Amino acid sequence: MQDLIASLVRDALSAALADGRIDLAEVPEPELEHPRDPSHGDWSTNVAMRSARAAGMPPRQLAQAVADHVAGHPDIASVEVAGPGFINIRLSPRALQRVVAEVREQRLDYGRVDLGCGRRVQVEFVSANPVGPMHVGHGRWAALGDSLARVLAHAGYQVEREFYINDQGVQMDIFAASVAARYMQLLGYEVELPEDGYRGAYINEIAEEILSAEGPSWAGREPTEREAHFKEIAYRAVLEHLKHVLHDMGVDFDVWFSERTLHEPSPDGSPSEIERGIARLRERGYVYENEGAVWFRSTAFGDDKDRVLVKADGTYTYFAADVAYHWDKFHERGFDLVIDIWGADHHGYVPRMKAAVAALGYPGQLDVIIGQLVNLFRNGEVVRMSKRTGEMVTFEELLDEVGADAARYFFLRRSTDQPLDFDIGLAKEQSADNPVYYVQYAHARICSILRKAAAQPDAPDAGALAETLIGKDVDLSVLTDDAELALFRKLAELSEVVEAAARAYAPHKLTRYAEELATCFHQFYTVCRVIDPEAPALSAARLAVVDATRIVLEVVLALLGVSAPQRM
RNA sequence: GCCCUCUUAGCUCAGGGGAUAGAGCGUCUGCCUCCGGAGCAGAAGGCCGUAGGUUCGAAUCCUACAGAGGGCGCCA
């Protein structure tokens, strides 16, 4: 719809130039927007005000010259010049009614846009250390990353979801030592947990599993040997758990990328990816040595200070692995765009990572989204989310309590750069007031109408019913009620919302849209009788409206990763 | 100390150069002989943190200040 209006305005500008009413060196690209006040029309453009100076005439006069050429098109009901020089355009019922047919024809492809032009984008998110359960912030980032991936796919990108497993390093060692300590305690040895060891009950559970599977013989081995063995078992157990929880909320990754593979030499004996990543930076002249360490000159790309890649003791920093990781993403796997979602506590890390990506030869191709934390409350009291404290509330527990749909929707409803206060007690109490139910209810209500119209109250799939119930050639011109036209306008907006959400990496625009659409539907439903044997033509057309609304709700909910129930 | 983000209705938040600033919740008032009332209609509620600036126009952009959160290791 936007494209249609844009080309109408462009043509009108050209026509006004051709007939000499305006004089401009070049035709500006018209900016279109929806006026805040609906009485001003469906679309509005400010081209006249923007070009007034160049054209050497008052904006209102220029606007009138353009408006005269827009008027008359069958899709346009009226064109008016208003205020300081806005051109306000109102669509004809015909143009709005056509949306219903378009939705029913395109079905789940409705609202697709070609912003991505098939470019390959990777979204990396969650990437929790595999040393314990997910906290609630991870759940939020999972919802965000997954929904963003869905939105980008709908916007014409080829998308992959990736989870980076930090399965190398100090945290893993502490984790293994913690499990080993619990194992020894189970066997009656007086062993202390490591200083900063993990204290969650799950550590005991893993230790118990190891004990029952492998018996007590590991108590007699060397501690280093024991810990190395336990590390592998415990790590796999946690990873399986993470996959399971994520899957339960509808998040499935295409790639689980192990940090270890960056450290290991290639099978053919060539250097590890970390070494190759550093070599790449060195090749380009951004690596130097100082005080026994190897440094990356990130200041050449705007970072505050240079960063260490190889410590004086010869080991690699986490950053070195990340350089190699991103080298792999761009060079080995050829992504055009990479989006990393990191926790708020990593935001100081962004400049050096972007610097590294630029130095590797891919400037501007990395975007980092800083996922803000979730402040969890239970009955008004703050619940700490540190992995070290024994009594954290895990994301899994939250999922069990409030359900995947409500959790996801709640997380996605806020913009990503805002911290979120989530009171578990409140979320449970007010679950009926949660806006996700409002949207899902609209969908279920529609399905109920369709079942009723088909006289098949037990039919499992209302969408299939609609297929047979409503002909392709149904006459939509009888749909002229204000509530109907308002609903059509909202249906027509989907592609704009998808594009805006994809551009801004902002799935929360879709929750807002979903609620607005549900409102438009409920208003329509209140005013317009759908099933009416006295008026078969109107009834048939309204069933098409209802079905189109159902389809768009299904699309939006799918983009959010929330279910679209047929009954509730 | 330096850097980043945030500050909009009683509460939780949208809006990120355009016309009279929006939604949900909460508070009041109405609407079920009829397709799902988990719904609809209406009312009340605002110096868009403060002060300057940029321009035809600022909640939106810039600067300073005040509050809130986060970040500043050869940690991960």
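Since the model is a prediction, treat every value here as computed from it, not as a measurement. The sequence lines fix the lettering, A, B, ..., with proteins before strands; numbering per chain opens at 1.
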Item to check | Residues in ring-ring contact (aromatic ring centres under 6.0 Å, His included) contact with A/Phe411, at least two apart in sequence or another chain | outcome: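 Checked A/Phe411 against ring-ring contact (aromatic ring centres under 6.0 Å, His included); matches are A/Phe422.
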
Look at the side chain of [X] and decide which nucleotide, out of [options], has an atom nearest to it.
| X | options | result |
| --- | --- | --- |
| A/Lys305 | B/G70, B/A76, B/G73 | B/G73 |
| A/Tyr438 | B/A76, B/G39, B/G36 | B/G39 |
| A/Arg512 | B/G22, B/C40, B/G15 | B/G22 |

Checklist entry - On the ring face of A/Tyr438, is A/Arg413 found with NZ or CZ under 6.0 Å from the centre and within 45° of the axis? => result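 No, a cation-pi geometry is absent between A/Arg413 and A/Tyr438.
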
Checklist entry - For nucleotides 2-12 of chain B, read 5' to 3', which letter fits each nucleotide if B means a protein heavy atom sits under 4.0 Å from the base, S means only the sugar-phosphate is that close, and - means neither? => result --BSS-----S

Item to check | RNA chain B-proximal residues of residues 351-358 of chain A, any heavy atom under 4.0 Å | outcome: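 Those residues whose heavy atoms fall under 4.0 Å from RNA chain B, taken from residues 351-358 of chain A, amount to none.
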
Checklist entry - Residues from residues 306-320 of chain A sitting under 4.0 Å of RNA chain B, heavy atoms only? => result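 The stretch gives A/Val308, A/Lys311, A/Ala312, A/Thr317, A/Tyr318 as the residues lying under 4.0 Å from the strand, ordered by number.
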
Distances under 3.5 Å only, N/O to N/O: pair up the protein atoms with those of nucleotides 16-20 of chain B.
unit_1: B/G18; atom_1: O2'; unit_2: A/Glu33; atom_2: OE2; d: 3.4
unit_1: B/G18; atom_1: N7; unit_2: A/Asn46; atom_2: ND2; d: 3.2
unit_1: B/A19; atom_1: OP1; unit_2: A/Arg36; atom_2: NH2; d: 3.1
unit_1: B/A19; atom_1: OP2; unit_2: A/Arg36; atom_2: NE; d: 3.3
unit_1: B/A19; atom_1: OP2; unit_2: A/Arg36; atom_2: NH2; d: 2.5
unit_1: B/A19; atom_1: N6; unit_2: A/Ser44; atom_2: OG; d: 3.0
unit_1: B/A19; atom_1: N6; unit_2: A/Asn88; atom_2: OD1; d: 2.8
unit_1: B/A19; atom_1: N1; unit_2: A/Asn88; atom_2: OD1; d: 3.4
unit_1: B/A19; atom_1: N1; unit_2: A/Asn88; atom_2: ND2; d: 3.1

Item to check | Spacing of A/Tyr525 atom OH relative to B/C34 atom P, expressed in whole Å | outcome: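 Between P of B/C34 and OH of A/Tyr525: 11 Å.
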
Next on the checklist: Does B/G36 have OP1 or OP2 under 4.0 Å away from a side-chain N or O of A/Ser448?
Outcome noted: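 For B/G36, OP1/OP2 do have a side-chain N/O of A/Ser448 under 4.0 Å.
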
Checklist entry - Would you say the side-chain atoms of A/Ser298 and A/Tyr286 include a donor-acceptor pair closer than 3.5 Å? => result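 There is no such pair between these side chains.
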
Item to check | Secondary-structure stems, RNA chain B, at least 3 Watson-Crick or G-U base pairs under 3.5 Å | outcome: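 For RNA chain B the paired stretches long enough to count as stems (3 pairs minimum) are B:1-7 with B:66-72, B:10-13 with B:22-25, B:27-31 with B:39-43, B:49-53 with B:61-65.
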
Checklist entry - Syn or anti for B/C32, taking syn as within 90° of 0? => result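 Syn.
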
